[in-house]
Number of protein chains: 2
Amino acid sequence: MTGPTRAVLLVEDDDAIADMLRGFFERDGYRFFHALTGEEAVQRLRLRPVSAVLLDLNLPGIDGIETCRRMREFSRAPIIMLTARDSEVDKVLGLEMGADDYVTKPFSPRELMARVKAVLRRAEEPAAKPRILEVQGFEIDGGKRTVAVPSGSVVEPTAREFDLLWFLAENAGLVMSRSQILEVVWGYEYFGETRTVDVHIRQLRKKLQG
Amino acid sequence: MTGPTRAVLLVEDDDAIADMLRGFFERDGYRFFHALTGEEAVQRLRLRPVSAVLLDLNLPGIDGIETCRRMREFSRAPIIMLTARDSEVDKVLGLEMGADDYVTKPFSPRELMARVKAVLRRAEEPAAKPRILEVQGFEIDGGKRTVAVPSGSVVEPTAREFDLLWFLAENAGLVMSRSQILEVVWGYEYFGETRTVDVHIRQLRKKLQG
DNA sequence: CACTTAGTTCACCGGTTCTTTACAAATGTG
DNA sequence: CACATTTGTAAAGAACCGGTGAACTAAGTG
């Protein structure tokens, strides 16, 4: 779970389906973007890379296959296609076009999320390793999610606190605005107060001195 | 992966799928053979042994199950079945017939290749060494699938419980999220509730403190 | 069939964590 | 200095999380 927040881009013209999926993904800690058309999706993907694309094949305007092709011109993001049952033709076409997986409608949200996870895992596997950051005498253990402070004692921050510390330590020396921190640590779709950061910082300072 | 070139034999009556898979496998350094019918596949396998057989269940002429049976009469090559969704009957039958794994359609080529690799790996390490993990006074016996607790008594967890314990013990000290645990212990395609993990953990704790 | 066991899901509770808010202190600016 | 802006602190309520009992399903057994 360490590492950057995961984001998915859904390309789907049915708002009801999109809203439903948004719920599931956000509850699971993903950032969720929704594009109504293929053109919009391609444009979005150019602007902000995501961890995976969920691509409905039945789209107004350019269809899913074409969308997939255009995306593949510049992005290697995993693409999961959402297809109607039994459309074998589309399936083969889609896979040739560079899709990574398929889910046939109707699908359960859980199944879809499992596929997304499988795809992400495959993509992330080579790199995934528990790291340890050393900053100013602090040893921040991403595996144990603990911090060894200079005095010798070991602190166990809460989840948010640790994510926050990890982010700051990764970019040690760089000045980060509150909204930058919120974006990365809390997730891009978080609309909370920026002062929340202050409170967590304070909590961290308290825990890390001593 | 030292040794002879890896070769797979696909038994599949759909040329489009076959061509698509050929691309994936050959790009990955496999030799790729394609048979359209069960009879043809059996004959091929007699002539030239392969590292793995990918066997579509829906075949003209003799079906996948029968093909599998005939192959097993003379070959121990790993067989991966390609089945339509929801054909539980076939699945069980296939595994009883001696298949090593199965993949439900539609599948992603990458998923299929991952399965092939897994099967090959298993085949190459014939004697799965029964290991024993020692963590915090617990002796976890992967062969017997039992646990000797510090007090001296020996516990026999259920299958899931043991797999869960084994995974945690292998990564002793590391913090694992529920979804990480689900992915590894339950399997990548598991769609269940994350709280299931809690319940099994509780059960383990109960059994291990004694 | 009744009965057992394993596995999964759910609802609830109590404690922790997170977020917001309000205000004080510090800092910047004319 | 007077004022605005930013930062630190404390407290309180909301939201969340982990532990638990229990219901339920599925599979195996006598």
Side-chain angles (χ1 to χ4, degrees), chain A residues 1-2 5 22-31 108-111 113-114 117 144-147 155-168 174-210, chain B residues 86-89 91-93 95-96 144-147 154-168 174-210:
Chain A
M1 267 308 165
T2 25
T5 317
R22 173 184 298 280
F24 273 86
F25 276 96
E26 292 190 340
R27 223 169 299 143
D28 222 48
Y30 289 82
R31 301 195 311 270
S108 75
R110 283 187 188 167
E111 174 181 358
M113 303 212 14
K117 278 178 194 154
K144 293 191 180 60
R145 297 182 67 88
T146 59
V147 183
V155 177
E156 297 185 3
T158 67
R160 271 266 201 277
E161 286 162 16
F162 187 87
D163 290 345
L164 171 57
L165 176 63
W166 185 268
F167 171 64
L168 293 176
L174 300 184
V175 177
M176 295 290 166
S177 73
R178 288 184 178 76
S179 36
Q180 276 177 300
I181 295 175
L182 280 174
E183 264 191 26
V184 177
V185 178
W186 270 255
Y188 289 100
E189 310 232 335
Y190 183 79
F191 292 126
E193 279 296 319
T194 62
R195 299 305 306 277
T196 300
V197 178
D198 298 48
V199 179
H200 283 274
I201 291 280
R202 162 163 171 272
Q203 204 64 11
L204 262 179
R205 293 209 259 244
K206 197 186 286 177
K207 287 191 180 173
L208 295 185
Q209 76 188 195
Chain B
D86 296 332
S87 57
E88 294 291 321
V89 184
K91 190 163 77 187
V92 174
L93 250 177
L95 292 177
E96 280 175 353
K144 293 193 182 63
R145 298 181 68 87
T146 59
V147 183
V154 173
V155 177
E156 296 185 5
T158 67
R160 273 267 198 275
E161 285 162 17
F162 186 86
D163 290 345
L164 172 56
L165 177 63
W166 186 267
F167 172 62
L168 293 176
L174 298 186
V175 177
M176 296 289 167
S177 72
R178 287 183 180 76
S179 32
Q180 277 177 298
I181 295 175
L182 280 174
E183 271 188 24
V184 176
V185 177
W186 268 255
Y188 298 113
E189 309 243 334
Y190 182 78
F191 314 136
E193 279 294 320
T194 62
R195 298 304 302 276
T196 299
V197 178
D198 298 49
V199 179
H200 284 273
I201 292 278
R202 168 180 36 156
Q203 206 60 14
L204 261 180
R205 292 208 260 245
K206 200 184 287 176
K207 288 190 181 173
L208 294 186
Q209 78 189 190

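Naming: A, B, ... by sequence-line order, numbering from 1 per chain.
Scanning all heavy atoms of the two residues, the minimum distance from A:Val155 to A:Lys207 falls at CG2-O, 3.5 Å.
Sequence order on DNA chain C of the closest nucleotides to A:Ala159 and B:Thr194 puts B:Thr194 first from the 5' end.
In this structure B:Arg178 satisfies the side-chain hydrogen bond (donor to acceptor under 3.5 Å, both in side chains) test together with B:Asp198, sequence neighbours excluded. By the side-chain hydrogen bond (donor to acceptor under 3.5 Å, both in side chains) test, B:Thr194 is found to be paired with no residue, residues two or more places apart in sequence or in another chain being considered. For A:Glu156, there are no salt bridge (charged side-chain N to carboxylate O under 4.0 Å, His left out) partners, not counting sequence neighbours. Qualifying side chain to side chain contact (heavy atoms under 4.5 Å, CB included) partners for A:Phe24, counting only residues two or more places apart in sequence or in other chains: A:Met20, A:Pro109, A:Met113. For B:Thr146, there are no side-chain hydrogen bond (donor to acceptor under 3.5 Å, both in side chains) partners, not counting sequence neighbours. Remark: A:Arg160 engages no residue in a side-chain hydrogen bond (donor to acceptor under 3.5 Å, both in side chains) (not counting sequence neighbours). Shown here are the side chain to side chain contact (heavy atoms under 4.5 Å, CB included) partners of B:Val175, two or more places apart in sequence or in another chain: A:Arg145.
The residue A:Thr158 sits close only to the backbone: its heavy atoms come under 4.0 Å of sugar-phosphate atoms, none of a base. Looking at heavy-atom distances under 4.0 Å, A:Arg160 makes contact with sugar-phosphate atoms alone, never a base.
For DNA chain D, the span of nucleotides reached by chain B at under 4.0 Å from its heavy atoms goes, 5' to 3', from D:dG18 to D:dA22. Heavy-atom contacts of chain B under 4.0 Å fall on DNA chain C between two terminal nucleotides, which in 5' to 3' order are C:dA6 to C:dC10.
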